[in-house]
Amino acid sequence: MNTKTSQLFFLQMVLVLFGSLVVYFISSEYADRFLIVLALFFAALTFIYFIYIRYKSGLNKHSFSLTLLFILSYFIVFFQFPTDFILASFSDNSIYTTIIYDESVLVKSVWYSLCFLILMCIGMHFQLMKIRKSKIVSRSEKKVYEKPFFYLFYLFFFLHLLTVDPGYYQGGVSEDLQGIAASILGYFIILLPICFGVVIHNYKLQERYTSLGLLSFIRIFPLPFIIIILLFSFFTFLAGDRGPAVRALILLVGSYYIVTNKEVSYLKFILMILLAGFFLSTIKLVGAINYNEDLIGDFLAASERLENSNKTESFSPFTSELASSFRAYNTAFSLWSSGYSLYGLGVLVGIIMSLPYAVTVFMEAFNLSKIDINTSSLITEYVSEVYGLGTTLVGDSLLNIGFIPTLILAFFIGRLAFKMDYNLFVRSSNIYICILGLYFLMNSVVLVRASIFPTIGNSIFIVSVVFLIDNFSRQVVK
């Protein structure tokens, strides 16, 4: 990397950040279209800067990666609707008044999300420069015993089948799983990146490993594991619960590209994202499947409803559902601007999630409700909506830790995401970085429209499980 050119880019983006903060503070409550256009222009420049960082790091050859999935999802959630607003894409004006809960903070919210984006990219660049300056230290990494992790995975899959409501896979449950069923499913999902991680880690430790085809890639995993993932994804899609299935499939596809080292062009990757967006939007309209009806007919009917809906008027119709999360962000920003705060309770809850049922005990001990600790519940209650609006990465952070800490968090999110991506594709690291990288890859799309703080507790839990099982297995073998 040309050091002077790299430093020049870095300083230029620092100036862009400074300018963005100035515009944020001087902008008025009027929804100034020019300022929104200017923010979108700066966002485009930041994306070019992001592509430059990937090119210089060698990640440009690996499109199906954590950083690219995350940044693209970020653009969809925070900039697609503002773009539609400028283009006046929708013929029905009620869409604008629905998604923009508080127009007086529209401009400021767009500029603040831009500052967050810039700081994430600056964090990525900073991490790249740090990696290039550091010396490669040769470490003797040992293979991890795989079987105990897969046995644990099979156990939780069995427990999931025992505890889940029988109507869940038959489309008879419209709400999310609750109680022990939800906990078992959560641990089952968390075990996915652990199982993928130990296999990928061991495979990369081989002195000579060749590029694999699809069938060869599948063979490095236990066959029951692959079958469970495919069946689980298929039936959860049919049940109308897309989240677990999306996470599982992202891991499966992402692991394939990590192990095989196959290159994917940006164009092909974007086409994959658009196709996935169309499929997921259609699945949402299908809802839960009635097995007594025509599955293909339901899908085609939902596809037709999607084509006739106002979502197709967006400049990017297949990602318009994800873009509608801007409503949750605008509402959260309005709440924060009016002085509302969770005072870091979301952070504390995210950390203690590493202990089973600790959150439930904590809430009961201090007589707290979901509204007190969860911005998604707070936002939904605040706008008196009958269905969950969700939350967003930036809005949740603002309501929990405030203006400056959220921007500092953005810098470290960028550093962490880049470090994990680099270690997955370019320079292999220890088992913990590998597994955590896969965990964040699995959640790369979801994280933008969720809270970042539960990942702290989940990361602690993952590291603890891997450490305990790996060390116990070595003691048993001795």
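- Ile189 is listed as a side-chain neighbour of Leu192, based on a closest heavy-atom distance under 4.5 Å.
- For Tyr101 and Tyr382, the ring centers sit closer than 6.0 Å to each other.
- Counting heavy-atom neighbours within 6.0 Å of Ile180 CD1, excluding the residue itself, gives a total of 12 or less.
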Using distance only, find each side-chain donor-acceptor pair of residues 350-364 under 3.5 Å and give its atom names and separation, not counting sequence neighbours.
residue: Ser354; atom: OG; partner: Ile351; partner atom: O; Å: 3.0

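- Side-chain contact between Trp336 and Val105 is absent, with no heavy atoms from C-beta onward closer than 4.5 Å.
- Proximity of a side-chain donor or acceptor of Asp372 to a complementary backbone N or O of Ser369 within less than 3.5 Å is detected.
- Under the 4.5 Å side-chain criterion, counting only non-hydrogen atoms from C-beta, Lys56 is in contact with Tyr52.
- The two residues Leu128 and Ile53 make their nearest non-hydrogen contact at CD2-O, 3.9 Å.
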Mind running side-chain contact (heavy atoms from CB on, under 4.5 Å) on Leu68 and Leu72 for me, showing each step along the way? CA-CA 6 Å; Leu68 188 55; Leu72 283 179; 4.1 Å; yes
Could you go through Phe157 and Phe232, starting from their C-alpha distance and side-chain angles, then the distance that decides it, and tell me whether this counts as ring-ring contact (aromatic ring centres under 6.0 Å, His included)? CA-CA 9 Å; Phe157 178 66; Phe232 172 77; 7.1 Å; no
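- Using a 4.5 Å heavy-atom threshold, the side chains of Ile71 and Leu117 count as touching.
- Although no hydrogens or angles enter the test, the distance criterion places no donor-acceptor pair under 3.5 Å between the side chain of Arg415 and the main chain of Gln127.
- Separating the OG atom in Ser20 from the CG atom in Leu114 is a distance of 4.0 Å, to the nearest 0.5 Å.
- Formation of a donor-acceptor pair under 3.5 Å by the Tyr340 side chain with backbone atoms of Ser334 is not found in this model.
- Distance OG1/Thr97 to CD/Glu103: 9.5 Å, rounded to 0.5 Å.
- For Ile404, the CD1 atom sits in a loose shell: 12 or fewer heavy atoms of surrounding residues, nucleotides or ligands are nearer than 6.0 Å.
- Between Phe64 and Tyr256, every side-chain heavy-atom pair lies at or beyond the 4.5 Å cut-off.
- The distance from atom CG of Leu40 to atom CZ of Arg33, rounded to the nearest 0.5 Å, is 11.5 Å.
- A donor-acceptor contact shorter than 3.5 Å links the side chain of Tyr96 to the backbone of Phe90.
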Show your reasoning for whether side-chain contact (heavy atoms from CB on, under 4.5 Å) applies to Asp32 and Ser27. CA-CA 8 Å; Asp32 192 323; Ser27 61; over 6 Å; no
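- A pairwise comparison of heavy atoms in Tyr30 and Val107 identifies O-CG2, 3.6 Å as the closest pair.
- When every heavy atom of Arg327 is checked against every heavy atom of Thr98, the shortest pair comes out as NE-O, 3.3 Å.
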Take Phe126 and Phe418, measure what side-chain contact (heavy atoms from CB on, under 4.5 Å) needs, and give me the verdict at the end. CA-CA 10 Å; Phe126 181 86; Phe418 185 84; over 6 Å; no
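- The shortest distance between side-chain heavy atoms of Val110 and Phe333 does not fall below 4.5 Å.
- Aromatic rings from Phe403 and Tyr112 are positioned such that their centres are separated by under 6.0 Å.
- Checking side-chain atoms of Asn400 against main-chain N and O of Leu342 turns up no donor-acceptor pair under 3.5 Å.
- Of all non-hydrogen atoms in Cys195 and Phe153, the two that sit nearest each other are SG-CB, 3.7 Å.
- Aromatic rings from Phe196 and Phe225 are positioned such that their centres are separated by under 6.0 Å.
- Separating the CD1 atom in Ile184 from the CG atom in Leu162 is a distance of 9.0 Å, to the nearest 0.5 Å.
- In this structure, the side chain of Lys262 does not engage the main chain of Tyr257 through any donor-acceptor pair within 3.5 Å.
- With a 4.5 Å cut-off on side-chain heavy atoms, Ser65 and Leu424 do not count as touching.
- When all heavy atoms of Thr406 and Gly402 are compared, the pair lying nearest together is OG1-O, 2.6 Å.
- The two residues Leu66 and Ala417 come nearest to each other via the heavy atoms CD2-O, 3.7 Å.
- Taken from CD1 in Ile95 to OG in Ser320, the straight-line distance is 9.5 Å, to the nearest 0.5 Å.
- Ring planes of Phe326 and Tyr329: perpendicular class, angle over 60° (limits at 30 and 60°).
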Please list every donor-acceptor pair under 3.5 Å in which a side-chain atom of residues 75-87 meets a protein atom from a residue at least two apart or in another chain.
residue: Gln80; atom: OE1; partner: Thr319; partner atom: OG1; Å: 2.6
residue: Gln80; atom: NE2; partner: Ser314; partner atom: OG; Å: 3.1
residue: Gln80; atom: NE2; partner: Ser316; partner atom: O; Å: 2.9
residue: Thr83; atom: OG1; partner: Phe79; partner atom: O; Å: 2.7
residue: Asp84; atom: OD1; partner: Ser89; partner atom: OG; Å: 2.8
residue: Asp84; atom: OD1; partner: Ser314; partner atom: OG; Å: 3.4
residue: Asp84; atom: OD1; partner: Phe315; partner atom: N; Å: 3.1
residue: Asp84; atom: OD2; partner: Ser314; partner atom: OG; Å: 2.7

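- For CD of Gln12, the number of neighbouring non-hydrogen atoms (other residues, nucleotides, ligands) closer than 6.0 Å is greater than 12.
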Does the pair Tyr422 and Thr67 meet the rule for a side-chain contact (heavy atoms from CB on, under 4.5 Å), with working shown? CA-CA 10 Å; Tyr422 193 83; Thr67 50; over 6 Å; no
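- With 3.5 Å as the limit, one finds a donor-acceptor pair spanning the side chains of Tyr49 and His125.
- By the 4.5 Å heavy-atom criterion applied to side chains, Ile226 and Leu230 are counted as neighbours.
- For the atom pair CD1 (Ile401) and CD1 (Ile408), the distance works out to 8.5 Å, reported to the nearest 0.5 Å.
- Side-chain atoms of Ser255 never come within 3.5 Å of backbone atoms of Leu252 as a donor-acceptor pair (strictly under, hydrogens ignored).
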Please output the side-chain donor-acceptor pairs of residues 433-452 that fall under 3.5 Å, not counting sequence neighbours, one pair per line with the distance.
residue: Tyr439; atom: OH; partner: Asn458; partner atom: ND2; Å: 2.9
residue: Asn443; atom: OD1; partner: Arg247; partner atom: NE; Å: 2.8
residue: Asn443; atom: ND2; partner: Tyr439; partner atom: O; Å: 2.9
residue: Ser444; atom: OG; partner: Leu441; partner atom: O; Å: 2.8
residue: Arg449; atom: NE; partner: Ser325; partner atom: OG; Å: 3.3
residue: Arg449; atom: NH2; partner: Ser325; partner atom: OG; Å: 3.4
residue: Ser451; atom: OG; partner: Asp396; partner atom: OD2; Å: 2.7
residue: Ser451; atom: OG; partner: Phe453; partner atom: N; Å: 3.2

